[in-house]
Every structure is written in C-alpha cells, then in structure tokens.
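We count residues from 1, following the sequence as given. Only heavy atoms go into these numbers, but all of them, side chains included; no hydrogens, no water, no symmetry mates. Atoms within each ligand, like the ligands themselves, are counted from 1 in listed order.
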Amino acid sequence: MYLQEEILILDYGGRYSQQVARAVREMQVYSRILPYVTELAEIKKMKPAGIILACVSEDGPGSGSATDVPRPDKAIFELGIPVLELRPELAEGEQGEELLRDFLFNTCQVKGSWNMDNFINWQIEAIREQVGSARVISGLSGGVDSAVASVLVHKAIGDQLTCIFVDHGLLRKGEVEEVRRTFGEEFKIPLIYVDARKRFLDKLAGVQDPEQKRKIIGEEFIRVFEEEARKIGDAAFLVQGTLYSDVIESSGDGKGVKVKSHHNVGGLPEDMDLELIEPLRDLFKDEVRKLGELLGLSEEIVWRQPFPGPGLAVRIIGSIDEEKLAILREADAIFREEIRKAGLDREIWQYFAVLPDIKSVGIRDEQRTYAYPIVLRAVTSTDAMTAEWARIPHELLERISSRIIREVEAVNRVVYDITSKPPGTIEWE
Ligand code: XMP
C-alpha cells in the first residue's frame, strides 16, 4: 500500500459518508469509505489512524434510541484506534470542521500529507510495481476519466502504454481532432486511431429503437477494441478510468455502501484475460479534474461535460445517417460555443442539442421551408441522478436560436426543453 496514514469511514447508509470523506481529504488526510458491516479483522489489518462512524441521523449508531438503524459492533471501540461518531447535524459549518480537525490532528495524530502531488508520486510507484515490464493498453473515449488515467499511466511506464481510440463516428464536432492532437502530438503517447465510422453507421442503418442502438454500439465497440488489442499482441494490462464513485455505491438498504462488481471490464470480453489498472479508483470526480490539470491536460478535456458512450446516436431520434449527424454536430457546436462564451459552462452540468425525427414548416427569405427542429437541452445537477432544466437567460437563448437557424440550413426551428429529471431523463434516448 502506498499510503502511510488513512482515516477509515464506516458508512451507515445515505450519502453522508461521502461528504465526510471529502471533508477529511480537504484537510489533506487520505480517507476511505467502507460499509459498516466490514469485519473487525479486516479493519485491524488496514491499521487506520482513526475511524469515523458516519451515522445517518441523531438516531444513528450508538444513540440507543432507534431499533431500525445499524449499530456499531461494540468491539470497534476496543481496537485501540481512535473512533469518532459523526452525525450530519454535528458536522455542519465551522464547528463541525473544528471537531473534525481536532479529531484528525490531535486525537489521531495524523500529519496531513495527502495531496495531489504526493498522490501522483505514490501512484506512479504503484503502477510501476504492478506492471513491471509488461505492455499495457488503454481505451480513450475523449472523456476526462480515461484521459487522466492514461496520462498518469504513461507518466509511470512511458511507451509500454499504447492507447486505442475507436472513432465510432458519433462524437461531437472537433473531438476526434482534439484527442489525436492531445495524445499523439502533445503528450506523445503511442496512439492507435481506429477509423470505424463506416462500420458503426452500417450497423446502425435504419435502426430506430434506442435500446437496439445502444446494444449495437456497445457490441461493435468491444469487437473493434478487441481486434486492435489483439494486434498489439502481448498486452497484459488494461487501464480503466474507474472512479471512487463507481466503486462505492449507496445501496439505500440500510447496510451502507456496497462495492459494485466490475467484472465486465468496461464491456471487454473476459477471454482477453487482461489485468486492470485503475489509478483513479480512490478519487472523486473533482479530484480527477485537479489531477488532470496537474498533469497538464487542457481545460477543454479536464472540464469536459459528461458525454454518453453511444454518443450522438442517442441524441438523434430515430434512424441515424451522415446527414443527420452533420446537422446535429453543427447545431451542438454553436450551442456549446455560446454557453462557453457566456461563462455558463461550469455552472451547467450538461448542455447539448437533440435532433428529433420530425419536420415543420417555416419561412426563410420569403420562401416556405419544411425542415428539422433542434431541441436544446441544458440541465443543472450534481450527480445526474436528478437534474433541473437550466434557467438560461432568454437573450442567450435568442442568440443561440438565431445563430442555429442562420448557420444550419437544414434547421428552421429551435425549441428549449423545460423538463427536469425526473420525470424526464437527461438524454432523449
Ligand atoms: P439519463 O439520460 O439517464 O443520463 O438521465 C444520466 C447521465 O448518464 C449519461 N449517460 C450515459 N453515459 N453511457 C455513458 O457513459 C451511456 O450509455 C449513457 N447514457 C446516458 C448522461 O449523459 C447523463 O450524464
């Protein structure tokens, strides 16, 4: 293990434990969340500097008043490790911060040396140790997680790493060029670019059903990736941008966090027999962004909004073809540019254009038109589980609408989606 001191947070349900974990990390102390049912023997073996019981409410563990909430095993207080019981109402504001600080630095006597620079050094050592002289492959998606994970691994093992970038033809305007420039030219990471656009479009031709589209894309992606990986031959490891939030998951059944199983290896077939390298599995999303910045990745990549694996395919309603993709790409690029120019890009969780499968009547240059509408979708959210439609200023919507209609000939109408999640989903398919 590459970390000297760590605080163990035992989770008694709810999302509160994540809040505590982050507060501890902000004080430069590494923290890890485990479910409250974790065996005492396992806890002992980890030798944490301290244990925090993240209780749900006043009736939490140890209060003795509630019967339906889990209670800590009394033996936990007899391990000779400092234990702090923390409840949301205790941990609020300055007082809570003081309490936590006192526990960490006075009671547990930690030094507080956990920061991103140290994390990078620890990870580099750990990756070198894990990999030895073997070859490693990594799949780039254009997203922040796979990008940061790959750059970090490259920093550790250099050209033992090869990145594979499958272009399924469903990415946004400029994305392919940006990934190739960043990895191939800027970071000089060996990069295999696979132009699989035709393959995917052929498979998707005439397919209307959203689930069917997702299935086709997922399966084809595996196939292409596997073909390329086999060409490299002797790769023994695969980099995955798994985050801490993927690893822990509040189960909501009162048993606290459970660990998600990750056998699907991002959808790769098991017979490839690749061992995983997951250098981000201890980090929260904002920590990954910080790490990306430290590693020198551009702001565009580090602050990229979430983008679904099946890409624009789930933003074109009904069947997909080159023409529709081109229309959507242009409209989406205008929307993104205007949001960025207005300085709203970090405030809004996701903002994108959708192309419905209908046409309507309009007028252009005194001529009747019969063309596509574009739907603008923008939501604020913290975790994509729920979302509010973003209150974009009307003047900005006006500007976006007239630009799209002026610049994208196949579009004659722009509408704004004012549905929150629930009942709507963020994506349209
Ligand atoms: P929904 O549409 O379910 O989306 O409200 C929630 C979040 O998940 C993203 N999303 C995906 N991400 N593969 C992904 O990696 C997918 O197939 C996929 N579908 C939806 C969506 O963009 C939003 O952030």
Carboxylate-amine/guanidinium contact Arg181 Glu186, below 4.0 Å: no
Full working for salt bridge (Lys or Arg N to Asp or Glu O under 4.0 Å) between Glu125 and Arg128: CA-CA 5 Å; Glu125 264 177 54; Arg128 284 185 184 150; over 6 Å; no
Mutual orientation of the aromatic rings belonging to Phe335 and Tyr351 [parallel < 30°, tilted 30-60°, perpendicular > 60°]: perpendicular
Plane angle bin for Tyr30 and Trp114 - parallel if under 30°, tilted between 30 and 60°, otherwise perpendicular: tilted
Backbone of Asp321 reached by a side-chain donor or acceptor of Lys324 within 3.5 Å: no
Derivation and outcome, salt bridge (Lys or Arg N to Asp or Glu O under 4.0 Å), residues Arg32 and Asp282: CA-CA 8 Å; Arg32 182 152 42 146; Asp282 288 335; over 6 Å; no
Under 4.0 Å from ligand 1 - residues by heavy atom, chain and number: Arg214, Pro306, Pro308, Gly309, Pro310, Gln350, Ala384, Lys421, Thr425, Ile426, Glu427
